[in-house]
Amino acid sequence: MKEYSSIFLKIIKFVIIILIVDVLLGIVSNQIFFLQETGKYARANHTIYETEAEVLIFGSSHAHRHYVPEVLEKQLHTTAYNAGAEGQQLLYHLAMQEMLLKRSTPDLFILNIDEDFLYSSDIAYDRLNDLHPYYSEFKDELRPIFRLNSKFIDVEMFFKSYLLNSTIIHILRYYVSPQLDYKGYRPLHGITRNNQIKNDLNNIDDQSKEIDENFVFALKEFIDNSKSNKVDLVFVISPALRKIRSNNKSLALINKIADKEEIRVLDFSEDKNFNNQLDLFHDPSHLNDKGARYFTKLVSERINQQNSMDN
């Protein structure tokens, strides 16, 4: 009996030590996390806790690399911040929007639309890990989104080191090599070449892809949040050298939802100003800095035109 008691006590001590170490690691990591000055977490922190910009841009790398706040501010006579995040999809953007709206209510949201936003993607769920550090403070906003991928999210988030398990690596990375941005915008330089352009659409059958209803929900919720907070919302489709397939179910559904909800869609996917203009592109899917500045100017002009028509 004494032997079992001794083993039990050792287990209890071990668990207590693990919990203490976990708490200490969590405290240290949390302090360091909010001291970041560059990188993706620094930009997310600025969006959630600091920016008072009247125009916020959301979207994947096409948002992050295509919208120049400086140009938007000059053209729209306002303030702007680019909250785009590379590789992230609708669930992430919905979470960022909801955390922002707890503190600030801008005048305008620009959501850059990727044509495949509604297609099933395991990566879209995996990359929600970037939001783990905010769970303690924004449980009401983040729990419903995290539970789409894990029913045991509260158990997982109990461990502080789990919340911040990847941030230290990023902090060290950006400390050694700062990732500078210009109000969230990070320019791409260089010009694409003809031999870089590949018609990937010939190799992809969109009809075999499935729509993820969680992503549909996220898009509708993004719209509802904008309306309930009286924030104007515009969908924008960026230009690209590769063409969008006419049978793209995801984009067709996005346009159908936008039409039903009376959301403006500015479609530059086949805009003549960008057709075969290699000097405006860094690669077939992303504009370079010259192209981004020109594109942002055109988006601003279209927004101004439509605002004038509405008034």
Closest non-hydrogen atom pair, [X] against [Y]:
X    : Y    : answer
H132 : F146 : CD2-CZ, 3.7 Å
T105 : N229 : CG2-O, 3.4 Å
L131 : M99  : CD2-CE, 3.9 Å
P69  : A80  : CB-O, 3.6 Å
F215 : A124 : CZ-CB, 3.7 Å
Y125 : L91  : CE2-CD1, 3.6 Å

Verify same cluster id: [X], [Y] (apolar side-chain graph, 4.5 Å):
X    : Y    : result
L298 : V68  : no
Y185 : L76  : no
L219 : F217 : yes
L287 : L188 : no

Pairing of E50 and R43 as salt bridge, 4.0 angstrom limit: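 Salt bridge flag = no for R43 with E50.
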R293/E70 salt bridge by N-O under 4.0 Å criterion: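 Looking at E70 and R293, the cut-off is met.
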Checking N255 against D267 for the side chain to side chain contact (heavy atoms under 4.5 Å, CB included) test, could you report, in this order, the C-alpha distance in whole Å, the side-chain angles of both residues, the deciding distance, and whether it holds? CA-CA 10 Å; N255 282 321; D267 188 352; 5.7 Å; no
Is a side-chain donor-acceptor pair under 3.5 Å present for N304 with Q75? no
Would you please say whether a donor-acceptor pair under 3.5 Å links the side chains of N82 and Y182? no
Give the ring-plane orientation class for Y294 versus F274, where under 30° counts as parallel, over 60° as perpendicular and anything between as tilted. tilted
Donor-acceptor pair, distance only, cut-off 3.5 Å: does the side chain of [X] make one with the backbone of [Y]?
X    : Y    : value
R65  : R186 : yes
Q97  : F222 : yes
Q88  : R127 : yes
N248 : L251 : yes
D114 : F117 : no
N288 : I191 : no
S250 : E115 : yes
N129 : D126 : yes
S226 : D232 : no
D181 : T38  : no

Any chance [atom1] of [X] has more than 12 other-residue heavy atoms, nucleotides or ligands included, within less than 6.0 Å?
X    : atom1 : answer
N276 : CG    : no
D122 : CG    : no
E301 : CD    : yes
K74  : NZ    : no

Go through the steps to decide whether H62 and H286 satisfy the test ring-ring contact (aromatic ring centres under 6.0 Å, His included), and finish with yes or no. CA-CA 6 Å; H62 298 111; H286 295 92; 4.5 Å; yes
Enter the distance from [X]:[atom1] to [Y]:[atom2] here, rounded to the nearest 0.5 Å.
X    : Y    : atom1 : atom2 : result
I303 : I110 : CD1   : CD1   : 4.0 Å
L100 : T51  : CG    : OG1   : 7.5 Å
S238 : D271 : OG    : CG    : 11.0 Å
R103 : T47  : CZ    : OG1   : 8.5 Å

Give the C-alpha distance, both sets of side-chain angles, the deciding distance and a yes or no for ring-ring contact (aromatic ring centres under 6.0 Å, His included) between H46 and Y81. CA-CA 9 Å; H46 185 77; Y81 187 77; 4.6 Å; yes
